[in-house]
2 protein chains.
Amino acid sequence: MPKITFFNLPEDKRENLVHAAKKEFARVPLYQASISNIIKDAKIPRGSFYQYFDDKEDAFFYLLNSHVSAYKMYFLETLQKNNGDIFDAMIDFYTAIITEERENLQFLRNLFLNMTHRIENVMARSFGENDLNENFRKISNLINKERLNMQDEQELFHMMQIISSVTFHNIVKKFAGELPFDEAVHNYSTEIYLLKKGFASI
Amino acid sequence: MPKITFFNLPEDKRENLVHAAKKEFARVPLYQASISNIIKDAKIPRGSFYQYFDDKEDAFFYLLNSHVSAYKMYFLETLQKNNGDIFDAMIDFYTAIITEERENLQFLRNLFLNMTHRIENVMARSFGENDLNENFRKISNLINKERLNMQDEQELFHMMQIISSVTFHNIVKKFAGELPFDEAVHNYSTEIYLLKKGFASI
DNA sequence: ATTGACGTGTGACACGATGTCATATACAAT
DNA sequence: ATTGTATATGACATCGTGTCACACGTCAAT
């Protein structure tokens with residue numbers, strides 16, 4: 001977490017710094033980003049940066065968290081809009097991610113192509129994974145389970161794990177392969193379809 | 001790829017260097033590894049390192065590739081041993097990965113907890129993903145398709161994509177969560193079972 | 001008005017890591 | 001011996017990080 005001094009900053013100065021950081025993390029992934037670039041761009045002295053953040057990662061995860069919070073809300077809305085159909089909702093959500101604009105897109109690209117477990121964890125936490133935690137319950141309640149083959153909450157949990165693995169992987173593929181939009185959506189839809197249908201007659 | 005001089009090295013010196021590198025990459029993930037540590041451990045001067053490798057990554061991917069080649073062979077054997085049952089084979093394979101020993105285990109741990117797309121690509125290439133390439137065909141030929149619901153090679157390809165996404169993710173979870181062996185296998189088996197069964201009545 | 005306490009701003013600096021380069025060395029071929 | 005080619009070496013320039021001693025500004029107490 002950023003230090004108190006960061007939040008005490010006058011709004012314009014803070015936003016300026018945030019923008020500089022975002023720009024750097026859109027340019028290159030976390031481990032290649034340089035504080036020097038951020039402070040040069042934000043026109044603040046080196047010492048000040050460390051007045052606000054512990055280090056590079058601190059700034060990065062601050063940005064990441066705000067992104068994730070936004071997506072989390074968007075996901076819940078999408079799920080409702082699709083009347084609890086998790087599969088249709090996922091496809092909507094997937095297309096939204098890969099349709100992001102410029103700087104956001106670059107940020108996401110660097111994010112997904114360099115998806116460390118630590119980063120994935122931050123994302124998944126809000127996406128309803130991890131434990132049978134509050135987030136998972138919130139999502140679980142919105143899901144229409146009528147046509148689902150899930151026996152209990154455990155299975156539902158694992159189903160969500162699988163769906164998110166597959167979704168992450170498809171996003172990575174899209175960003176890495178520079179696939180055209182249509183092809184990316186088609187691939188993802190195919191995989192979602194296969195997940196619904198199942199792989200084998202048991 | 002390492003330079004020719006590396007391969008021209010007398011075997012003992014080369015193995016010594018390889019071992020030092022392996023040790024460093026078992027200690028910390030790629031982006032935190034330091035060449036200084038490797039050369040100190042291998043007792044070679046700095047300049048020599050650059051005689052053999054382009055940089056840190058070059059050394060890392062050399063090691064990674066040899067690991068991957070071994071696993072690739074092991075996977076094919078496992079698939080045969082299970083008479084083409086891809087699901088049982090995956091569970092065998094999964095348990096083999098998480099049962100690795102000491103230095104290998106640490107290397108794998110750092111690998112999976114910091115799975116960049118570039119790294120994943122190297123791994124997946126040999127695991128039969130990516131294109132409908134030679135590797136995929138080799139695996140495809142070994143798979144018993146009798147009880148599979150796959151309509152064509154395309155669907156089979158996507159099925160393999162999904163399986164590998166889920167497998168990767170389970171390995172990461174295991175390494176990150178320090179799950180006990182039994183629990184990890186149980187989780188993975190559940191997810192494989194759900195994949196076979198399918199999520200929904202369409 | 002002066003003092004002191006506190007939060008904040010600043011940039012010089014020590015440290016450590018990287019990649020290069022000029023020079024040294026080994027060894028083979030003539 | 002001489003020349004050529006491949007390899008070895010470590011000092012060095014460069015760059016990025018995190019720290020620290022000091023400067024500054026504000027505000028409340030005197």
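Sequence lines set the chain letters: A, B, ... in the order given, protein chains first and strands last, and positions in each chain run from 1. From a predicted model like this one, the values you see are computed outputs, not experimental measurements.
For the side-chain hydrogen bond (donor to acceptor under 3.5 Å, both in side chains) criterion with B/Y188, the lone passing option out of B/T95, B/T167, B/N170 is B/T167.
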Please write out the pairs of protein N or O atoms and N or O atoms of nucleotides 19-26 of chain D separated by less than 3.5 Å, giving the distance to one decimal.
none

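Between D/dT7 and B/N8, a contact under 4.0 Å exists linking OP1 or OP2 to a side-chain N or O. Look at B/K13 and you'll find a side-chain N or O under 4.0 angstrom from OP1 or OP2 of D/dA8. Listed pair A/Y52 / C/dT8 fails the phosphate criterion, with no side-chain N or O lying under 4.0 Å from OP1 or OP2. Side-chain nitrogen and oxygen atoms of A/K3 include none within less than 4.0 Å of the OP1 or OP2 phosphate oxygen of C/dG9.
At a threshold of 4.0 angstrom between heavy atoms, the contacts of B/S48 include nucleobase atoms, whether or not backbone atoms are also involved.
For the pair A/R27 and A/E24, the salt-bridge criterion is met [side-chain N within less than 4.0 Å of a carboxylate O]. Using a 4.0 Å cut-off between charged nitrogen and carboxylate oxygen, A/K81 and A/D92 do not count as a salt-bridge pair.
Here C/dG9 presents its P atom at 14 Å from CZ of A/F49, a figure rounded to the nearest Å.
Contacts with DNA chain D (heavy atom under 4.0 Å) in residues 14-41 of chain A: A/A33, A/S34, A/I35, A/S36, listed by number.
When distances are taken from the side chain of A/P45 to each of C/dG11, C/dT18, D/dA8, the shortest belongs to C/dG11.
Of the possible polar contacts, none joining the B/R147 side chain to the A/A200 backbone as a donor-acceptor pair under 3.5 Å is found.
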